[in-house]
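Below: the structure, in structure tokens.
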Amino acid sequence: DKEEQLTYSELDRCSNQVAAYLIQEGVEKGDAVAVIASRDIATIINVVGIVKAGGIYIAIDKEYPKTRKEYILKNSNAKKVLSTQKYQEEIKDRYSSDEIDVEVSKEDIAYIIYTSGSTGEPKGVVISQKAVTNTIQDINERFHVDSKDKIIGVSSMCFDLSVYDVFGALSTGATLILVKDQRDPEELTRTVLESGVSIWNTVPAIMNMMIEHIAENQEEYKKYDFKKLRTIMLSGDWIPLKLPENIKNYFEKSQVISLGGATEASIWSIYYPINQMDETWKSIPYGMPLANQTIHILSEEQKQCPIGTKGEIYIGGKGVASGYKKDKEKTQKAFIDHDELGRIYRTGDY
């Protein structure tokens, strides 16, 4: 985080203190704990501490309107609220850093993430340990992520791309490099090139902004090595058809990957390596399912559609969420127990 850095042993010790604080405050396994989240080291410590205590973490952006914050706290039954300030002033070096002895199983809930709530109240998507671990392990194995990698942390902690940034890095011993302002193309570019970032994970618009900035300031960046950025993962929105080619103009050694899915299916469910663009394409192909996940195109009667027939996209497999927090009706509409396909999530996309 700019000048500040934390080793794995320091993160272990500091997050143990957070867990010890939560346990002393009466937080038990399966309790929800909210984090007023910023892109800073203390937020990462808080999140890891919650998980160690067996808690369910809920990220709340400090810029959220008061009514949205209140709704999320009430809907999630959050027992405690952590923040950077609280960590620094009330927890840091005040609690035991001994190992925390809380057994967490793969069936337990890891986090609840609240969707944007463009219509009505935001929905709290409940994700289990096994669902999110399946995605993270697959991505790390598929793209050979290890302790030599440097992963950029750009996404808001309230957006599920950040779940990969944090736990994708921490589960492999990679370095997580935080960027304060994702809207500042100069800070972004300098961080990538000066820190030797090797793994990139953002929505396409942020990559597009950085490429445009490099194109306009080529002289300034001539001295840097562009070959270290090896894997570029783009998801969460439409990928402009010219973007992969524009990326290759500068980051020529990089592999550009399109990823897709839904918050309701643990970050991503589908991927497509963009190796060769076809001039006839109107969009990047959606791709193939990730490990232990399935994609189905179904009719209104929820029957498999023949090739070439329009249908609705459903996601199945290990990544499917447990449902929506305190909303049985919406859960039953979106999460379906299919006779042939098992439990599947109805995306609403065609």
Side-chain angles (χ1 to χ4, degrees), residues 37 39 59 61 63-64 113-119 122-123 125 127 132 135-136 139 142-143 151-166 168 179 181-185 187-189 192 197 199-215 229 231-251 254-275 277-278 281-290 293 295 297 312-315 319 321 334 345-350:
R39 264 191 306 282
D61 195 306
E63 305 300 329
Y64 279 169
I113 205 157
Y114 282 81
T115 59
S116 55
S118 48
T119 55
K123 294 178 292 203
V125 181
I127 301 286
V132 66
T135 304
I136 289 168
I139 294 294
R142 197 176 290 276
F143 302 123
I151 298 177
I152 196 159
V154 173
S155 299
S156 159
M157 291 291 289
C158 307
F159 184 35
D160 62 354
L161 292 193
S162 72
V163 180
Y164 176 76
D165 295 339
V166 175
V179 177
D181 188 357
Q182 58 174 232
R183 295 158 299 191
D184 180 346
E187 185 193 350
L188 205 55
T189 308
V192 168
V197 166
I199 310 277
W200 172 285
N201 168 38
T202 70
V203 293
I206 295 176
M207 173 53 80
N208 207 28
M209 177 182 73
M210 183 172 81
I211 293 297
E212 284 176 358
H213 172 74
I214 294 169
L229 185 53
T231 302
I232 294 172
M233 299 188 285
L234 302 175
S235 63
D237 207 348
W238 166 264
I239 299 174
L241 289 171
K242 290 277 180 214
L243 182 55
E245 189 184 325
N246 293 342
I247 290 169
K248 288 285 195 179
N249 287 340
Y250 301 100
F251 299 101
S254 66
Q255 185 181 25
V256 184
I257 314 288
S258 167
L259 289 150
T263 300
E264 286 86 347
S266 306
I267 321 174
W268 304 297
S269 302
I270 203 159
Y271 79 107
Y272 184 82
I274 308 169
N275 297 322
M277 292 295 292
D278 186 321
W281 285 354
K282 294 187 173 72
S283 65
I284 307 290
Y286 201 41
M288 294 78 69
L290 289 164
Q293 303 201 58
I295 300 287
I297 313 299
E312 194 172 350
I313 303 173
Y314 288 74
I315 301 170
Y345 168 67
R346 182 177 199 165
T347 65
D349 295 323
Y350 286 82

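Residues take their numbers from the sequence shown, with the count starting at 1.
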**Request:** Going by the side chain to side chain contact (heavy atoms under 4.5 Å, CB included) test, name the single residue among I257, I199, L259, I267 that passes it with I139.
**Result:**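 Going through the options one by one, the only one that passes is L259.
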
Taking every non-hydrogen atom, the tightest pair across [X] and [Y]:
| X | Y | value |
| --- | --- | --- |
| Y286 | I313 | CE2-CD1, 4.2 Å |
| D160 | T263 | OD2-CA, 3.2 Å |
| P204 | W238 | CG-O, 3.4 Å |

Check: [X] side chain, [Y] main-chain N or O, donor-acceptor pair, under 3.5 Å:
| X | Y | value |
| --- | --- | --- |
| T115 | K123 | yes |
| Q255 | T231 | no |
| S269 | I315 | no |

Supply the atom-to-atom distance [X] [atom1] to [Y] [atom2], rounded to the nearest 0.5 angstrom.
| X | Y | atom1 | atom2 | value |
| --- | --- | --- | --- | --- |
| S156 | D61 | OG | CG | 5.0 Å |
| M207 | L243 | CE | CG | 7.0 Å |
| S254 | L229 | OG | CG | 6.0 Å |
| Y114 | Y64 | OH | OH | 11.0 Å |
| I113 | E264 | CD1 | CD | 10.0 Å |
| Y272 | I239 | OH | CD1 | 11.0 Å |

Minimum side-chain heavy-atom gap [X]-[Y] below 4.5 Å:
| X | Y | value |
| --- | --- | --- |
| Y345 | T347 | yes |
| N201 | I151 | no |
| K282 | L241 | no |
| Q293 | T135 | yes |
| E212 | N208 | yes |
| P240 | E245 | no |
| W200 | L234 | yes |
| M233 | L161 | no |

For L188 and H213, what are the C-alpha separation, side-chain angles and deciding distance, and is it a side chain to side chain contact (heavy atoms under 4.5 Å, CB included)?
CA-CA 10 Å; L188 205 55; H213 172 74; over 6 Å; no

- prompt: Mind checking whether Y164 and W268 have ring centres under 6.0 Å apart?
  reply: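 Y164 vs W268: aromatic centres under 6.0 Å.
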
Practice problem: I would like to know whether I214 and M210 meet side chain to side chain contact (heavy atoms under 4.5 Å, CB included); could you show each step before the answer? | Solution: CA-CA 6 Å; I214 294 169; M210 183 172 81; 4.0 Å; yes

Worked check of side chain to side chain contact (heavy atoms under 4.5 Å, CB included) between V166 and M157
CA-CA 9 Å; V166 175; M157 291 291 289; 4.0 Å; yes

